[in-house]
Amino acid sequence: MMQRYIEEELRRSAEAAGLVIDGPIPFGVPKQEGQGHLSTNIAMMHAKRLGKQPRVLAQEIVDALPASALVAAVEVAGPGFINVTFSDAVYHAMLRDLDAMADDIGRSDLGIGRTMNIEYVSANPTGPLHAGHGRNCAVGDTIANLFAWNGYAVTREYYFNNAGNQMNMLGRSIYVRLQHALGNLDVPFPEDGYHGEYISHVAESIATEHADQIRAMSEDEALAFCRKQGETWCFASIRQTLETLNIHHDVYFNEDTLYGTGKVVATVEALRDRGLVYEKDGATWFALTQLGNPQDKVIVKSTGEPTYRLPDIAYHRDKLERGYDVVVDVFGADHIATVPDVLAGVKALGFDTDRVRVVIHQMVTFVEDGEVVKFSKRSGKSFTLDDLIDEVGADVVRFFFIMRAVGTHLEFDLGLAKEEGDRNPVFYLQYAHARICSILNKGLERGVTLDHGADLSVLIHPREIELVALLSRFRSTVERACENLEPHVIAEFLRDLAGAYHNFYHDCRILGAEPPLESARLLLADVTRRAMRNGLLILGVGTPERM
RNA sequence: GCGCCCAUAGCUCAGUUGGAUAGAGCAGCAGCCUUCUAAGCUGCGGGCCGCAGGUUCGAAUCCUGCUGGGCGCGCCA
């Protein structure tokens with residue numbers, strides 16, 4: 001927000017120097033001390049075109065700038081940067097503006113009037129969520145929050161398939177355990193069956209509650225019954241886990257509805273009309289090579305069943321037809337191969353795939369005491385997301401899964417995550433929040449209340465100015481994190497913010513300072529509290545008022 | 001073999017879309033509480049930004065080729 005105090009004047013003085021700039025002027029924040037508060041490279045970018053030396057052009061622009069009470073100094077530096085040093089008055093004005101935003105600090109209207117749909121989690125009901133699912137859950141939900149904070153109307157969607165081979169295998173796995181529970185020990189467990197404890201658990205509950213029913217059923221009926229019981233149990237488990245993580249979907253979309261509404265068949269025919277479908281070896285193929293993809297793929301098997309690709313295309317078409325301005329998919333790296341096929345299909349049907357944004361997060365490895373923790377979904381000794389939450393807590397789970405860029409492999413350090421002390425980055429943020437709350441409460445006890453009209457011009461300490469400077473960047477950080485689908489940016493920002501606050505707290509006595517200074521510092525602390533609170537809300541972690 | 005992702009301090013990772021002398025946490029060492037929460041703060045040491053070219057005023061960042069690791073490449077999802 002700093003740049004708006006200088007941008008138009010700079011634009012006019014650039015024009016006076018013969019340089020017309022369309023669009024926003026690019027600004028950067030210098031890293032080094034003594035390089036001002038804001039820096040622009042416009043002179044270097046355009047010097048060549050104007051046939052001037054960068055430093056000469058920069059100086060001409062600077063000379064044309066009118067004097068302003070808000071600007072303490074403007075200088076040409078290095079190869080041709082224009083560095084602007086603001087007077088403290090700019091920071092006082094920014095703090096005043098931030099305070100006026102009340103509880104909406106960080107909120108943006110970037111997406112106001114726009115709609116978005118985000119699909120995440122989307123695990124089929126074949127078992128409880130495992131620890132690795134956590135990244136998808138946390139990344140998806142945090143991105144959803146980011147869009148909401150940017151003004152979008154957000155629909156959180158969970159896509160699932162309760163038919164097909166995997167579900168049949170779930171039913172058979174339970175069925176076999178059930179037979180064992182009923183004394184038929186010679187029924188063999190299927191080769192690729194599910195081994196989790198929950199299989200036996202569901203089987204035993206059927207054995208105790210529905211034994212007579214089962215004995216009266218044919219094998220097919222019993223298998224279907226087991227499958228349904230398994231699905232019910234798995235969904236209850238998944239939803240309970242998501243509840244613990246404070247994740248709530250607006251829509252549970254069953255793949256099956258795409259068949260009921262005829263959208264799957266319609267999709268095949270629409271592709272066929274465009275000459276992109278052919279029959280071979282008894283199967284129906286999608287001619288992806290005609291669309292520039294490396295190989296054609298089967299979309300309807302010779303058995304007559306579609307492969308996952310076809311309903312996926314129909315599903316994306318459905319979402320786009322629902323009119324969302326933005327459609328976001330959150331996938332793990334193991335699903336990366338499906339993305340180009342689905343997008344090509346949707347595009348071939350005439351939809352604008354620019355509206356679709358796909359977030360692909362890399363895999364997670366869990367580490368404890370320097371050792372990689374191995375686990376497998378079907379090995380029996382699975383590591384569920386519930387186990388992880390029990391070990392380290394929901395806040396830590398959410399934070400750890402989003403604190404690294406989605407494109408990089410994530411190492412989840414269980415030892416670090418379990419620490420409740422100073423090494424754990426979540427507590428560092430929450431502690432800053434709790435510390436501010438504590439001061440505000442202590443102030444109330446002493447009769448010192450928040451004064452929104454406080455004279456802010458007394459804030460001149462470097463720690464105070466640094467803190468305001470950081471706060472002024474919160475909103476643009478939220479916007480950038482949303483536009484780039486990068487939740488970790490918020491975690492980084494909050495760490496900086498907490499650090500800046502701790503520095504301020506350490507060097508600047510609040511309660512007991514001279515009356516005008518006390519009021520101003522208290523206001524600064526409260527604005528920081530609201531920013532930190534909103535940041536933690538975006539991440540979906542708790543905002544404790546005492547620790 | 002092909003596609004996507006990654007490679008930065010001892011370890012885990014940032015790096016504001018191409019800017020100035022590459023940053024943080026942890027680990028190590030040394031300091032700071034009779035005063036608003038020491039779950040905090042301060043200082044020190046630590047680097048061939050995987051390698052080699054290219055693009056330009058300027059590259060950790062963009063392009064090409066290597067090396068090493070991850071994930072995929074099914075009439076499974």
Side-chain angles (χ1 to χ4, degrees), chain A residues 26-32 35 39 41 44-45 47-48 53-54 77-81 83 122-124 126 161 164-166 169 192 255 280-285 293-295 297-309 311-312 332-340 360-363 365 367 370 403-413 416 419-428 430-432 434-443 446 448 473 476-477 480 484 488-489 491-493 495-496 498-499 501-503 505-507 509-513 521-522 525 546-547:
Chain A
F27 285 101
V29 179
K31 285 176 253 183
Q32 299 296 324
Q35 294 177 345
S39 173
N41 58 2
M44 288 183 287
M45 286 176 66
K48 197 172 202 175
Q53 294 292 325
F81 290 101
N83 291 341
S122 292
N124 285 335
T126 58
N161 172 12
N165 293 337
Q166 302 301 321
M169 187 55 77
D192 299 320
E255 179 186 316
K280 190 179 87 176
D281 304 330
T284 303
W285 292 70
N293 288 32
Q295 50 187 225
K297 298 280 172 61
V298 170
I299 49 174
V300 182
K301 301 186 236 174
S302 53
T303 59
E305 298 171 307
T307 64
Y308 67 89
R309 231 175 303 272
D312 264 9
D334 52 341
H335 282 231
I336 193 164
T338 81
V339 174
I360 294 174
H361 63 262
Q362 295 298 313
M363 302 283 94
T365 49
V367 177
M403 73 182 189
R404 304 303 184 203
V406 292
T408 63
H409 296 261
L410 174 63
E411 185 158 307
F412 196 116
D413 186 332
L416 176 60
E419 285 200 35
E420 297 196 348
D422 54 343
R423 294 175 46 201
N424 193 318
V426 190
F427 292 103
Y428 183 73
Q430 293 181 323
Y431 180 63
R435 237 185 176 185
I436 302 172
C437 291
S438 172
I439 274 204
L440 292 166
N441 287 330
K442 190 132 298 189
R446 299 186 189 179
V448 183
R473 271 180 245 140
S476 62
T477 303
R480 184 164 57 92
N484 296 342
H488 77 280
V489 167
E492 295 282 334
F493 177 85
R495 193 178 47 69
D496 289 346
Y501 179 77
H502 287 312
N503 279 325
Y505 177 91
H506 187 266
D507 290 353
R509 178 82 198 176
I510 301 172
L511 298 178
R521 284 179 173 170
L522 199 64
R546 58 175 55 89
M547 291 174 73

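For clarity, every value in this text was computed on a predicted model and none was experimentally measured.
- Note on R509(A): a base of the nucleic acid sits closer than 4.0 angstrom, heavy atoms only.
- Proximity of a side-chain donor or acceptor of D281(A) to a complementary backbone N or O of A283(A) within less than 3.5 Å is not detected.
- Going from atom NE2 of H409(A) over to atom P of C13(B) covers 10 Å, rounded to whole Å.
- Base orientation of U17(B): syn (glycosidic angle within 90° of 0).
- Among the heavy atoms of the strands lying under 4.0 Å from Q35(A) is at least one base atom, whether or not backbone atoms are also near.
- Close to C75(B), at under 4.0 Å from its OP1 or OP2, lies no side-chain N or O of K280(A).
- Under the ring-ring contact (aromatic ring centres under 6.0 Å, His included) criterion, H335(A) pairs with no residue at all, not counting sequence neighbours.
- The ring of Y428(A) does not lie on top of the base of A39(B); it is either too far (5.5 Å or more) or too tilted (30° or more).
- N161(A) comes within 4.0 angstrom of the backbone, heavy atoms only, and of no base.
- Looking at heavy-atom distances under 4.0 Å, H502(A) makes contact with sugar-phosphate atoms alone, never a base.
- In this model, the phosphate group of G15(B) is approached by a side-chain N or O of H488(A) to a distance below 4.0 Å at OP1 or OP2.
- The residue A405(A) sits close only to the backbone: its heavy atoms come under 4.0 Å of sugar-phosphate atoms, none of a base.
- With rounding to whole Å, H506(A) atom NE2 is found 9 Å from C33(B) atom C1'.
- Phosphate proximity of U42(B) to N503(A): present, with a side-chain N or O under 4.0 Å from OP1 or OP2.
- Contact annotation: K297(A) side-chain N/O to G74(B) OP1/OP2 distance is not under 4.0 Å.
- Among the protein residues, R309(A) comes within range of no part of the nucleic acid, since none of its heavy atoms lies under 4.0 Å from any strand.
- Side-chain N/O atoms of Y431(A) and base N/O atoms of A39(B) include no donor-acceptor pair closer than 3.5 Å.
- Applying the 4.0 Å criterion to OP1 and OP2 of U37(B), one finds that K442(A) has a side-chain N or O inside that range.
- C75(B) atom C1' lies 9 Å from atom CD of E305(A), rounded to whole Å.
- Residue T408(A) places at least one side-chain N or O under 4.0 Å from the OP1 or OP2 atom of A14(B).
- Atom name P, nucleotides G65(B) and G72(B): the rounded distance is 25 Å, in whole Å.
- A cation-pi geometry, defined here as NZ or CZ lying under 6.0 Å from the six-membered ring centre and within 45° of its normal, holds between R435(A) and Y505(A).
- Spacing between C57(B) and U12(B) at atom C1', rounded to whole Å, works out to 36 Å.
- Taking 4.5 Å as the limit, every side-chain heavy atom of P79(A) sits out of range of all side-chain heavy atoms of P54(A).
- As rounded to the nearest Å, A30(B) and A20(B) have P atoms that lie 35 Å from one another.
- Side-chain contact check for H502(A) versus Y428(A): some heavy-atom pair is nearer than 4.5 Å.
- Comparing G28(A) and I510(A) against RNA chain B, the residue whose closest nucleotide sits nearer the 5' end is G28(A).
- Pairing partner, G40(B): C32(B), with both Watson-Crick or wobble hydrogen-bond distances short of 3.5 Å.
- Here Q295(A) does not reach the OP1 or OP2 of G1(B): none of its side-chain N or O atoms lies under 4.0 Å away.
- Applying the 90° criterion around 0 to the glycosidic angle, C6(B) comes out anti.
- Distance, H361(A) NE2 to C6(B) C1': 15 Å, rounded to whole Å.
- The nucleotide G46(B) finds no pairing partner, because no Watson-Crick or G-U wobble arrangement with both distances shorter than 3.5 Å includes it.
- Here the nucleotide nearest the side chain of I336(A), chosen from U21(B), G3(B), A77(B), is G3(B).
- With a cut-off of 3.5 Å on both pairing distances, the Watson-Crick or G-U wobble partner of G1(B) is C73(B).
- Nucleotides U67(B) and A60(B) place their P atoms 24 Å apart, quoted to the nearest Å.
- Judged by distance alone with a 3.5 Å cut-off, a donor-acceptor contact links the side chain of N41(A) to the base of G19(B).
- When each of A77(B), A24(B), U37(B) is scored by its nearest atom to the side-chain atoms of T338(A), the top-ranked nucleotide is A77(B).
- Across all strands shown, A432(A) has no heavy atoms under 4.0 Å from either base or sugar-phosphate atoms.
- For the C1' atom pair drawn from G46(B) and C51(B), the interatomic distance equals 23 Å after rounding to whole Å.
- A 3.5 Å limit on both hydrogen-bonding distances identifies G23(B) as the Watson-Crick or G-U partner of C13(B).
- Residue contacts shown for S438(A) include a base, since a base heavy atom lies under 4.0 Å away.
- Here N83(A) pairs with Q35(A), S39(A), A77(A), F81(A) under the side-chain contact (heavy atoms from CB on, under 4.5 Å) rule; sequence neighbours left out.
- Between the CG atom of N293(A) and the C1' atom of C73(B) there is a distance of 13 Å, given to the nearest Å.
- Side chains of I439(A) and L522(A) form a contact here, defined as non-hydrogen atoms less than 4.5 Å apart.
- For S39(A) against A20(B), a side-chain-to-base donor-acceptor contact under 3.5 Å is present.
- Taking atom CG of residue L416(A) and atom C1' of nucleotide C13(B), one finds them 12 Å apart after rounding to whole Å.
- Rounding to whole angstrom units, CD of residue E411(A) and P of G69(B) are separated by 17 Å.
- Within the 4.5 Å cutoff, no side-chain heavy atoms of Q362(A) are placed close to those of T408(A).
- Rounded to whole Å, the distance from NZ on K48(A) to C1' on U55(B) is 11 Å.
- Here A283(A) lies in heavy-atom contact (under 4.0 Å) with a base.
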